[in-house]
Amino acid sequence: MISENKRRWLTQVYALAIKEYLQIFRDITLMVFMVYAFTGDVYFAGSGVTLQLRNAATIVYDADRSQASRDLVRQFRPPYFSVEDAISMPSFPVSGDPSRGGDSELARGDAMISLAIPHGFERRLLRDESQSLQMRVDTTHSIPGYLASMYSARIVNDFAMRSSPLLSQLPPSVTDFFPPLRDEYRTLFNPNQDEGWFMSVSQLLNVITVFAILLPGAALVRERERGTIEQLTVSPLSPFQILLPKVFAMTSIVLLGTFLSWFFVLRPVFHVPSRGGFPLFVAVTVLYVVTSTSLGLLAATIARNMAQIGMLTIFLVAPMIFLSGAWTPPEAMPAWLRVGTLAFPLHHYINASYAILFKGAGLSIIWPSCLAIAGLGSVNVLFTLRRFRGI
Amino acid sequence: MSFRRIQPARIAAIAVKEWREIVRDRLFFALAFLVPSALMIVVGYGLSLDVENIPLVIVDRDHSALSREYAYRFISARYFRFMGYASSIDELDRPIKSDRIRAVIEIPPDFEKNLIRRNPVQVRSVIDGTFPSRAQITKGYIIAINGAANLDLTAREISSLIGIPEVVAREKLQPIRIEARYLYNENIQSRWSIVPKLIMAILLMSPPFLTVIGVVREKESGSIYNIYSSDVTKSEFLIGKLAPYVGISFCNSIVLFLIATLVFQVAFKGSVPAFFFATAIYVICTTAIGLLVSVLVRTQIAAMIITIIITLLPAVLYSGLLFPISSSTPAARVIAHLLPAMYYTSIVDNIFLKGEGWAAAARGSAILGVYLAVLFFAGYSLFSKRPSR
């Protein structure tokens, strides 16, 4: 008898899941955009965007035009800097103080840095007089601005130390010692700092989040709008039986998209590693998608129509994407927000995913993140079921 | 097909009907105003590119006075949060993998002995490279600290060799100083850089979601047939549909501007009317994106998915919010040029931080105006009052 009940239970759930699949797969426009999001969108993010300092447009006002000044300018080289000599520009000050030059280029955004080398630069250098160079940096974008000024300082310091006459008076046995500290840098997990890895994975996680929250939320709200949910609630189905097929169908669709993305974009194009094992990543993804799906359903129990669920989704998803840790390191946030982001399942999912894929972490390391995702998921499910009974 | 004159009265009728529908849906009406401001406050406080308090561990295998002095340079730097000493890098595998440590400085044995004997010493830094931008900045901090340490050690050595004071030796080693001036964002604060552009991002995300349901809902429920059979022209219908949402979003832009200047204290250096002129055009553009999608698709679900794919996901990458478009690859630049966000970002930067006025607004607004014309033409030609099914 029990097995009979179980079978009926399963048949009912199965029938409803099939219904969800058909509704999604028959919407051709929706399918096209989903495929695009998991492939094209991830591809463009991974191949196109860089956070590093690249080809910072640098205008050099070299009023000295000496051997030394040319030597210094040559140190500003690609890939960080792309130097343009200001002599060809109409704004080049023929004589006098060049330090104000470049302002219009900076204001227009044509240049990011202007460097002025004053007249008599080489003479002062040979005479062992100290002097200063004027540099202006456009810091409307704080990160490249900061990096540009940091690299320039390093270039000028090295150049200055090399050309300091003090060292040339010393015997080679002593100068060989300088610089005393030979700094060596090792970057773990992504030694070539391949940004395609980071960006493509980050975008995939965002796409997963968007679909996992919006698809089930919208599906449930549509049923509420049309009234078909009434038919289900008066049927002998339990609330759990009504919601489970939605969670199951949406999770499997998002997972399908993830496979698509992994095997057609991340692996072949960007060679993203899966050092901790792809199966573990898939397992965590399933956990995460179920949690997010139930969050979407929870939102759908609040919203009465599609317009409302749209705004609610933006309200839920945008802070997650911005604040879950892909862009902002948690330490840089105010304490109250840092605690707040712990309630974002995406925060834990990002940590777990990067740890598995890049750092080769196993379950023994990422279990706290998994536990957090599962905990948040259970809360979502409980609330959704409670609210759903009240619909 | 003849082109009939646009009648303001009919536009008003559509707009009033739409407005009533919005106001009567109280939750939606509240969300339309609450969501942008709430996002601005939460994301404005949270989204920061400042890399500080990087958790750091030092492996000191020398335990000498000099090695401690060197280690102290890192411990006292505000960029790092010192988590303690460790005896070898191997034992840090776990904390690094679980993101509790992001940088390790390793001081080799005989650090002091070698320095005294004038043998150069290898110091190694290990950085977690998972997040490339964080890694790059962390490396920058370590380079700067190592540079300062080198200068001190060299100056000390020279002063004892030729008997000049250390201060003089240091000055002689650094005959060129670089005087950097940071324009537009004088203290290189990430907040100044991000908050104005956040107005752009929020006005890209929320207005399309207000409109996107507008037409497709009528298609799904069938009430669109009232329009099909009425004498309202296509452009009247589209403009009337758009107007209330543009109004809401423009009000929101004023609130966002006030949050940026009053709550986040970002200095507004340019012309206020110029800023709002450009903002109005931008808001019409982003609202129209939602309407265009709404005209194109048949189901509300597809409408929302498409909107989120073309607005929310690109809002970070292709808008210039976090990093300049100029450092992207050509493919990404093409995408960026297809969205209105990039043009408005440069308007925001120019007026907000660089203190420009109408000239900057006019330049960007002209492009946005063309963009809007294309959107409207597309909406006009794709919207048919004689549907095929």
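Only this structure's heavy atoms are used, side chains among them; waters, hydrogens and symmetry mates stay out. Order of the sequence lines sets the chain letters (A, B, ...), proteins ahead of strands, with each chain counted from 1.
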Can you tell if the side chain of A:R182 reaches within under 4.5 Å of the side chain of B:V121, non-hydrogen atoms only?
no
Flag side-chain contact, heavy atom, 4.5 Å: A:L312 against B:F28
no
Could you tell me which non-hydrogen atom of A:L125 sits nearest to which non-hydrogen atom of B:P175, and how far apart they are?
CD1-CG, 4.3 Å
Counting heavy-atom pairs closer than 4.5 Å to chain B, which one of A:M34, A:R124, A:M112, A:Q203 comes out on top?
A:Q203
With a 4.5 angstrom heavy-atom cut-off, is it the side chain or the backbone of B:I213 that approaches chain A, or both, or neither?
side chain
Student check: side-chain heavy atoms of A:L30 and B:T299 closer than 4.5 Å
no
What part of B:E106 lies closer than 4.5 angstrom to a heavy atom of chain A: side chain, backbone, both or neither?
neither
Please classify the contact between B:L161 and chain A as side chain, backbone, both or neither, with a heavy-atom cut-off of under 4.5 Å.
side chain
Separation between OG of B:S98 and CD1 of A:I366, rounded to the nearest 0.5 Å:
11.5 Å
Is A:L181 in contact with chain B via its backbone, its side chain, both, or neither, using a 4.5 Å heavy-atom distance?
both
Over all atoms of both residues, closest heavy-atom pair of B:A38 and A:F315:
CB-CE1, 3.5 Å
I need the residue from A:T29, A:D158, A:D138, A:N305 with the largest number of non-hydrogen atom pairs under 4.5 Å to chain B.
A:D138
Worked verdict on B:I301 versus A:R222 for side-chain contact (heavy atoms from CB on, under 4.5 Å):
CA-CA 8 Å; B:I301 286 198; A:R222 180 177 48 195; 3.6 Å; yes
salt_bridge(B:R124, A:D183) N-O dist < 4.0 Å:
no
Measure B:I194 against the heavy atoms of chain A and call it side chain, backbone, both or neither at under 4.5 Å.
neither
Would you mind telling me which of A:G310, A:A56, A:A355 has the largest number of heavy-atom pairs within less than 4.5 Å of chain B?
A:G310
Chain B contact via A:M150 - side chain, backbone, both or neither, heavy atoms under 4.5 Å:
side chain
If I take atom CD1 from residue B:I310 and atom CG from residue A:D41, how far apart are they, to the nearest 0.5 angstrom?
11.5 Å
Return the option, out of A:M31, A:R304, A:R226, with the maximum number of heavy-atom pairs under 4.5 Å with chain B.
A:R226
Is there a side-chain contact between B:I308 and A:F211 in this structure, where contact means two heavy atoms from C-beta onward sitting under 4.5 Å apart?
no
Pairs of heavy atoms under 4.5 Å with chain A: top-ranked of B:Q122, B:K354, B:R333, B:M205:
B:K354
Nearest 0.5 Å, please: how far is OG in B:S133 from CZ in A:F198?
6.5 Å
I need the single residue from A:F189, A:W197, A:Y354 that forms a ring pair (Phe, Tyr, Trp, His ring centres under 6.0 Å) with B:F131. Which is it?
A:Y354
Using a strict threshold of under 4.0 Å (side-chain N to carboxylate O), is an ion pair present between B:R298 and A:D27?
no
With a 4.5 angstrom heavy-atom cut-off, which part of A:L72 approaches chain B: side chain, backbone, both or neither?
neither
Select one option (side chain, backbone, both, neither) describing which atoms of B:L317 are under 4.5 Å from chain A's heavy atoms.
both
Distance-minimising heavy-atom pair for A:I302 and B:L27
O-CD2, 4.0 Å
What are the two closest non-hydrogen atoms of B:G129 and A:T187, and how far apart are they?
CA-CG2, 3.5 Å
Does the pair B:I127 and A:R186 meet the rule for a side-chain contact (heavy atoms from CB on, under 4.5 Å), with working shown?
CA-CA 6 Å; B:I127 300 161; A:R186 214 176 100 210; over 6 Å; no
Looking at B:E356, B:R94, B:E52, B:R363, which makes the most heavy-atom pairs under 4.5 Å with chain A?
B:R94
State, with a plain yes or no, whether a side-chain heavy atom of B:M304 is found less than 4.5 Å away from one of A:L214.
yes
If you draw a 6.0 Å radius around OH in B:Y141, do more than 12 non-hydrogen atoms from other residues or ligands fall strictly inside?
yes
Quick one: what part of A:Y185 sits under 4.5 Å from any heavy atom of chain B, side chain, backbone, both or neither?
both
I need the residue from B:V297, B:V316, B:L353, B:I164 with the largest number of non-hydrogen atom pairs under 4.5 Å to chain A.
B:V316
Could you have a look at A:A352, A:S364, A:G276 and say which one has the most heavy-atom pairs with chain B under 4.5 angstrom?
A:S364
Give the member of B:V212, B:I96, B:I22, B:N114 that has the highest number of heavy-atom pairs under 4.5 Å with chain A.
B:I96
Might you work through the side-chain contact (heavy atoms from CB on, under 4.5 Å) test for B:D25 and A:Q308, ending with a clear yes or no?
CA-CA 9 Å; B:D25 185 346; A:Q308 293 176 355; 2.4 Å; yes
Compare all side-chain heavy atoms of B:I176 with those of A:S132 and state whether any distance is below 4.5 angstrom.
no
Heavy-atom closest pair (A:P180 atom, B:N150 atom, distance to 0.1 Å) is CD-OD1, 3.0 Å
Would you give the length of the straight line joining atom CZ of A:F358 to atom OG1 of B:T130, rounded to the nearest 0.5 angstrom?
7.5 Å
How many angstroms lie between CG in A:N157 and CG in B:L151, if you round to the nearest 0.5 Å?
7.5 Å
Best-contacting candidate, B:I137, B:L312, B:I178, against chain A by heavy atom pairs under 4.5 angstrom
B:I178
Side chain, backbone, both or neither: which part of A:I365 has a non-hydrogen atom closer than 4.5 Å to chain B?
both
Contacting region of B:D93 [heavy-atom separation from chain A under 4.5 Å]:
neither
Answer whether the closest heavy-atom distance between the side chains of B:E179 and A:L133 falls below 4.5 Å.
no
Would you mind telling me which of B:Q300, B:R102, B:R217, B:K197 has the largest number of heavy-atom pairs within less than 4.5 Å of chain A?
B:Q300
Checked A:L337, A:L357, A:I314 vs chain B; the most non-hydrogen pairs under 4.5 Å come from A:I314
Stepwise side-chain contact (heavy atoms from CB on, under 4.5 Å) check, A:M333 with B:S48
CA-CA 7 Å; A:M333 281 185 210; B:S48 157; over 6 Å; no
Rounded to the nearest 0.5 angstrom, the OG-CE distance for B:S206 and A:M311 is 4.5 Å
Pick one of side chain, backbone, both or neither for B:P55, based on which atoms fall under 4.5 Å of a heavy atom in chain A.
side chain
